[in-house]
Amino acid sequence: MSNSWWEIKIDCVPDLEENIFWRLSEFGCKGMSTQKQGKEITISAYIPQTQVKLLEISDLSLQLEDDANEIGSPLPVTKCNLIDEEDWSSSWKQHWQPQPIGDRLLINPAWLEVPTDPDRTILQLDPGVAFGTGTHATTQLCLEALEMRLQPGNGLTIADIGCGSGILSTAAFLLGAKQIYAVDNDPLAVKATGENRDLNGIPAANLIVELGSIDRLQAMLPEPVDGFVCNILADVIVQLAPSMSALVKPKGWAILSGILSSQVADVSHVLEQHGWTVGTVWNRLEWSCINLKYK
Ligand SMILES: C[S@@+](CC[C@H](N)C(=O)[O-])C[C@H]1O[C@@H](n2cnc3c(N)ncnc32)[C@H](O)[C@@H]1O
């Protein structure tokens with residue numbers, strides 16, 4: 001049973017999609033996808049059986065109904081059942097297609113043929129059970145922000161806190177970073193990052209990934225980096241904020257996401273107290289990405 005997953009399927013109107021994605025990712029779901037069913041959609045999401053109890057899924061379903069009630073939408077219908085790991089991988093893999101992001105990247109599911117696109121750098125990705133397929137708005141915002149910062153040959157060093165599937169670290173290297181240090185406190189994410197690094201032919205010495213958080217990262221860095229990316233939720237970013245400045249060189253930068261637009265003012269305030277200046281805030285759906293500079 002340890003390799004079983006809850007498959008949660010929610011039938012709803014398209015207006016509810018973003019809110020439901022957000023609730024599901026806060027709940028800890030992986031590999032979310034949407035399928036159109038006429039005028040309705042079905043959202044599928046997966047979470048390890050060991051991580052939640054059936055009762056908690058019932059609470060989630062009530063929460064989704066409350067959210068729909070609040071905006072006067074038809075109520076979503078939530079169903080769930082247990083599936084084994086193999087079924088999980090194959091069921092959501094069917095729905096995930098190559099995805100262009102920004103001007104320079106194309107995220108390609110590793111099990112599909114490598115596309116030929118002379119205008120884009122192909123990032124081969126198999127997220128396994130880790131977060132980060134490129135379909136989430138926060139991942140896209142971070143990828144686009146990295147694209148603005150990185151050019152082949154500008155030789156920057158980057159850190160990635162909460163690397164998940166390794167999508168941002170891998171993209172950073174492919175976009176021109178010289179050296180990346182990544183951490184995640186989930187061993188499955190560390191494994192996935194290493195595998196995606198290898199899948200993209202990135203030398204292990206150029207993308208070093210370890211289990212842990214910001215303290216581990218500090219211990220890994222031979223010297224401060226040019227910039228870092230951190231796509232975790234706002235409350236975690238606020239907790240980590242006091243330790244962030246020690247990661248970067250003078251005038252170093254940070255790309256922070258996983259922040260709801262309604263949380264930007266509070267998160268920015270905390271970061272400003274720690275010496276950071278907010279440059280730009282990019283928004284997509286209800287999510288924001290804050291681009292900052294240190295002193
Ligand atoms: C939203 S996912 C982001 C994954 C990927 N970087 C992306 O942008 O798609 C957040 C990741 O942060 C990790 N995480 C959460 N809290 C953390 C912490 N305090 N320190 C390190 N990693 C953490 C989670 O395990 C998860 O893999």
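Start at 1 and go down the list; that is how both ligands and their atoms are numbered. Every value quoted in this text rests on a predicted model; they were computed, and no experiment measured them. All heavy atoms count here, side chains included; hydrogens, waters and symmetry mates do not.
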Side chain, backbone, both or neither: which part of [X] comes within less than 4.0 Å of ligand 1 when only heavy atoms are counted?
X      : value
Ile167 : side chain
Leu168 : side chain
Ser25  : neither

Measure the CD-CG distance between Gln49 and Leu82 for me, rounded to the nearest 0.5 Å.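 Going from the CD atom of Gln49 to the CG atom of Leu82 covers 4.5 Å.
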Quick one: does [X]'s side chain have a donor or acceptor within less than 3.5 Å of a partner on [Y]'s backbone?
X      : Y      : value
Asn69  : Leu75  : no
Asp184 : Gly164 : yes
Asn200 : Asn196 : yes
Glu147 : Asp103 : yes

Numbered atoms and elements of ligand 1 in range of [X], under 4.0 angstrom, heavy atoms:
X      : answer
Asp186 : 25 (O)
Val236 : 19 (N)
Gly164 : 4 (C), 27 (O)

[X]-ligand 1 polar pair, N/O distance under 3.5 Å:
X      : answer
Val183 : no
Asn231 : yes
Ser165 : no

Verdict with supporting geometry, Glu210 and Arg216, salt bridge (Lys or Arg N to Asp or Glu O under 4.0 Å): CA-CA 8 Å; Glu210 291 191 9; Arg216 182 70 220 129; 2.6 Å; yes
Does Gly258 have a non-hydrogen atom less than 4.0 Å from ligand 1?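 No.
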Below 4.0 Å from any atom of ligand 1, is there a heavy atom belonging to Gly212?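 For ligand 1, residue contact (heavy atoms, under 4.0 Å) with Gly212 is present.
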Does Glu56 have any side chain to side chain donor-acceptor pair (under 3.5 Å) partners at least two apart in sequence or in another chain, and if so, which?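 Glu56 satisfies side chain to side chain donor-acceptor pair (under 3.5 Å) with no other residue.
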Once side chain to side chain donor-acceptor pair (under 3.5 Å) is applied, do any residues pair with Glu223, and if so which ones, sequence neighbours excluded?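 Glu223 satisfies side chain to side chain donor-acceptor pair (under 3.5 Å) with no residue once adjacent residues are dropped.
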For atom 22 (N) of ligand 1, which of the options Leu188, Asn185, Thr193 provides the nearest non-hydrogen atom?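 Nearest heavy atom to atom 22 (N) of ligand 1 lies in Asn185.
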